[in-house]
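Letters go in sequence order (proteins before strands), and every chain restarts at 1. When reading the values below, keep in mind they use all heavy atoms of this one structure, side chains included, and skip hydrogens, waters and symmetry mates.
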Amino acid sequence: MSWSVLDALLSRPEDVRRMLRARGYSTDLVDEFLRIDREWKELKRKVEELRHEHNVITRSIRQARGEEERRELIEKARRIIQELEALEKKLKELEEQRTSILRRFPNLIRQEVYQICPEDAEEIALKYWGKPRVYREDVDKLLNEVRKTGHNIEYEVINWKPVGHADMLENVLKLGDTEKAGEVAGSRFFYIFDDIVWLDLALALYALDFLSQRGFRIVVPPYMLKHEYMTSVIDFDALKDAIYKIEDEDLYLIGTSEHPLACYLAKRELLEQDLPVLFAGYSPCFRREASAGSRDLKGIFRVHQFHKVEQFVFCLPEESDKWQEFLLNNAEELWRGLEIPYRVVLVCPKEMGRTAAKQYDLEAWMPAQATFREMVSCSNCTDWQSFRLHIRVVRKGMKREYVHTLNSTAIATTRAITAILENHQEPDGVVRVPKVLRKYLEAFPNAPKDYIVPRNVKR
RNA sequence: GCCGGGGUGGCCGAGCCAGGCCCAAGGCGCGGGCCUGCUAAGCCCGUCCCCGUACAGGGGGCGUGGGUUCAAAUCCCACCCCCGGCGCCA
């Protein structure tokens, strides 16, 4: 049973170097690993030979004839232990070094990603859906963006400039307050009120309802994880820049329910018929956004905390590509239901998550910014997480393999809200509520049904 | 929080008190084979991890981390978790 990255390091190191270069990292790590690995194996052999010698002597002691022989054997065993002491310490050190270097490798990249992505490309648009509404002065911007990627789309020109989601929320609808939140908690926090809260809940229910009908178990996971588990599902950089730590506790706030969902089967040995396992997680997500600088400071697009419904799959290695298409397809259906124009892009090595072997993003059209923004990220992590979490499957012939894990956003509520505020906005500031959400709002007398209406507008 | 019981390989479960062919019995499950017209039953082999291309061989592993010993699943210490009882809180 072997991890694909380790396998590649030992048999095809050039593949690993290529991956590191494509992602924009130095390839030194490969040579460093190979050097330590060689040293480790050599010492391991030496130590095991000595231990064997010691075991042989130890086993013979109980048959020793007489005190004399017995004392001699014990003395011999003692000497070997002395000899071993220093070597074992060194071996342990090497082993730790080896593991820690090994754990620093990002995932290998799927062949087709190299083929589709030109060098230095950030992403490649694969398809467009829907008919974006474009302010007349932004038409060129949209067309450039689309044609650049070799596609053609239909669009609707409008003669009024849509208000940006942040202004909509705070100034037009007056249903959000990031200023007060900034004062009491800091930037990238928010208060949202009334209709937006109903919307937040309805979006989550919509996604959970949809996924539960597609074979997913819906789950509320722990919102915190221990260090050991956190570092098994994300890489070191993410831990540093993205994850909140609880002071004086060995606990970290999750950045997404992907993290605790992946951990659910940690250290488990599964049978083929147990797979696939499909989870739809619902949880708040906490993100430090330490490396975001001042990007998207306004509004609720990029915030420290939000709700998200997440798709997660454990599956057989040879089926993960198929499941990734399934996840993407679910996400697309959900977003088509929200009637929001989008495109699907293949994320190129430079911009991919380090745990992903292949990653799609779904980007929604944002009329006020006249650009597409990320709403969904759909990744095949292959065996990167399951190797660290020790999630195996026993195959026919009793061969063990690491399962593959995949994850994809279904709906992150705050981002979906920004997309709705811009795409379903009407000239008078009224926001149309997507029909699919209606049934999740129906039960509540004070929830909006068809429209979210600014106080000063009559409808 | 206190007292008592317990954590053994995918699961169940013996071993622990009296340390040593325990690199862990047995069962279930799973894989392969034999047998049979097919299936079932029965029988045989295999079924934790690492080093070794393979074979042979070897090392490690009994909740986690230390310790005692020539030798630890077995003894000692600390921690974690589970079950039962009592207490406390709602």
Side-chain angles (χ1 to χ4, degrees), chain A residues 1-13 33-103 222 224-232 246 248-252 260 263-277 314-318 383 386-403:
Chain A
M1 183 170 49
S2 179
W3 180 34
S4 58
V5 173
L6 175 58
D7 217 47
L9 276 166
L10 296 175
S11 57
R12 313 176 308 276
F33 174 80
L34 292 175
R35 201 193 75 238
I36 300 255
D37 184 64
R38 228 175 293 124
E39 244 181 275
W40 171 74
K41 279 176 181 159
E42 213 172 289
L43 186 61
K44 184 173 163 70
R45 188 148 112 247
K46 206 185 284 177
V47 165
E48 284 178 359
E49 272 168 20
L50 274 173
R51 287 213 269 241
H52 176 59
E53 228 180 291
H54 178 259
N55 285 345
V56 170
I57 294 169
T58 278
R59 272 175 225 144
S60 69
I61 284 176
R62 68 187 314 249
Q63 285 119 267
R65 262 172 276 167
E67 258 319 294
E68 185 63 18
E69 191 183 332
R70 193 184 151 82
R71 225 179 309 120
E72 250 171 56
L73 286 170
I74 290 178
E75 192 41 49
K76 229 166 139 187
R78 274 210 180 106
R79 271 201 300 277
I80 292 175
I81 286 176
Q82 263 170 30
E83 201 177 334
L84 265 173
E85 216 169 329
L87 294 180
E88 280 187 327
K89 196 173 154 222
K90 177 75 185 154
L91 181 66
K92 201 174 164 188
E93 272 170 32
L94 277 175
E95 210 163 294
E96 276 163 16
Q97 269 183 61
R98 193 185 96 112
T99 329
S100 94
I101 292 174
L102 194 57
R103 286 171 68 103
M224 302 178 204
L225 290 174
K226 295 177 184 177
H227 181 267
E228 176 198 346
Y229 287 91
M230 211 37 139
T231 52
S232 295
I246 304 291
D248 296 330
E249 305 260 2
D250 177 30
L251 285 173
Y252 295 80
C263 294
Y264 185 69
L265 296 179
K267 298 174 187 172
R268 283 277 289 277
E269 189 158 276
L270 305 159
L271 301 176
E272 287 196 19
Q273 64 262 31
D274 298 332
L275 294 168
V277 174
F314 301 89
C315 71
L316 293 172
E318 66 273 22
D383 59 357
S386 59
F387 162 71
R388 293 158 173 244
L389 291 166
H390 301 289
I391 308 174
R392 297 94 67 212
V393 54
V394 185
R395 311 300 306 259
K396 293 212 190 303
M398 295 308 284
K399 288 265 181 282
R400 285 169 169 77
E401 282 180 47
Y402 291 110
V403 305

Which nucleotide wins on minimum distance to the side chain of [X], given the candidates [options]?
X        : options             : value
A:Ile61  : B:C51, B:C70, B:G10 : B:C70
A:Leu271 : B:G59, B:G29, B:C70 : B:G29
A:Arg70  : B:G58, B:G20, B:U47 : B:G20
A:Thr58  : B:G31, B:A71, B:C50 : B:A71
A:Lys92  : B:G31, B:C51, B:G66 : B:G66

Could you check which nucleotide pairs with [N] in any of the strands shown, counting Watson-Crick or G-U wobble with both distances under 3.5 Å?
N     : result
B:C75 : B:G67
B:G9  : none
B:C86 : B:G1
B:A56 : none
B:C30 : B:G46

Round to the nearest Å and state the distance from [X] atom [atom1] to [N] atom [atom2].
X        : N     : atom1 : atom2 : result
A:Glu48  : B:G57 : CD    : P     : 15 Å
A:Ile57  : B:G59 : CD1   : P     : 12 Å
A:Ile74  : B:G20 : CD1   : P     : 16 Å
A:Tyr402 : B:G10 : OH    : C1'   : 15 Å
A:Leu84  : B:U69 : CG    : P     : 16 Å
A:His54  : B:C70 : NE2   : P     : 9 Å
A:Arg38  : B:C51 : CZ    : P     : 16 Å
A:Ile391 : B:C49 : CD1   : P     : 16 Å

Whole-Å [atom1] distance, [N] and [M]:
N     : M     : atom1 : value
B:A18 : B:C43 : P     : 40 Å
B:C22 : B:U74 : C1'   : 10 Å
B:A72 : B:U8  : C1'   : 14 Å
B:G15 : B:C62 : C1'   : 10 Å
B:G33 : B:A40 : P     : 13 Å
B:C82 : B:G32 : P     : 39 Å
B:A41 : B:C80 : P     : 47 Å
B:G31 : B:G85 : C1'   : 46 Å

message: Judged by each residue's nearest nucleotide on RNA chain B, which is more toward the 5′ side, A:Arg98 or A:Arg51?
response: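 So the residue in question is A:Arg98.
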statement: Comparing nearest nucleotides in RNA chain B, the 5'-proximal residue of the pair A:Val47, A:Arg400 is A:Arg400
query: Does the A:Ser386 side chain pair with the main chain of A:Tyr402, one donor and one acceptor, at a distance under 3.5 Å?
result: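 It does not hold such a pair.
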query: So does A:Arg45 have more than 12 non-hydrogen atoms from other groups sitting under 6.0 Å from CZ?
result: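 No, the 6.0 Å shell around CZ holds no more than 12 heavy atoms from other groups.
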- request: Would you indicate whether A:Glu85, at its atom CD, is surrounded by more than 12 heavy atoms from other residues, nucleotides or ligands within a distance under 6.0 Å?
  value: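 Atom CD in A:Glu85 is not packed in, count stays at 12 or less.
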field: A:Cys263 side chain near A:Leu389 side chain, heavy-atom distance below 4.5 Å
entry: yes
From A:Tyr264 atom OH to A:Tyr229 atom OH, the distance as rounded to the nearest 0.5 Å: 13.0 Å
message: To the nearest 0.5 Å, what is the distance between CG on A:Leu275 and CG on A:Leu270?
response: 5.0 Å
- prompt: Closer than 4.0 Å, any side-chain N/O of A:Asn55 to the OP1 or OP2 of B:G59?
  reply: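 Yes, because at least one side-chain N or O of A:Asn55 sits under 4.0 Å from OP1 or OP2 of B:G59.
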By the 4.0 Å heavy-atom rule, please label [X] as base, sugar-phosphate, or nothing.
X        : answer
A:Arg395 : nothing
A:Ile81  : sugar-phosphate
A:Arg45  : nothing

message: Assess the residue pair A:Glu96 and A:Arg103 against the criterion (salt bridge (Lys or Arg N to Asp or Glu O under 4.0 Å)); give the C-alpha distance rounded to whole Å, side-chain angles, the decisive distance to 0.1 Å, and a yes or no.
response: CA-CA 11 Å; A:Glu96 276 163 16; A:Arg103 286 171 68 103; over 6 Å; no
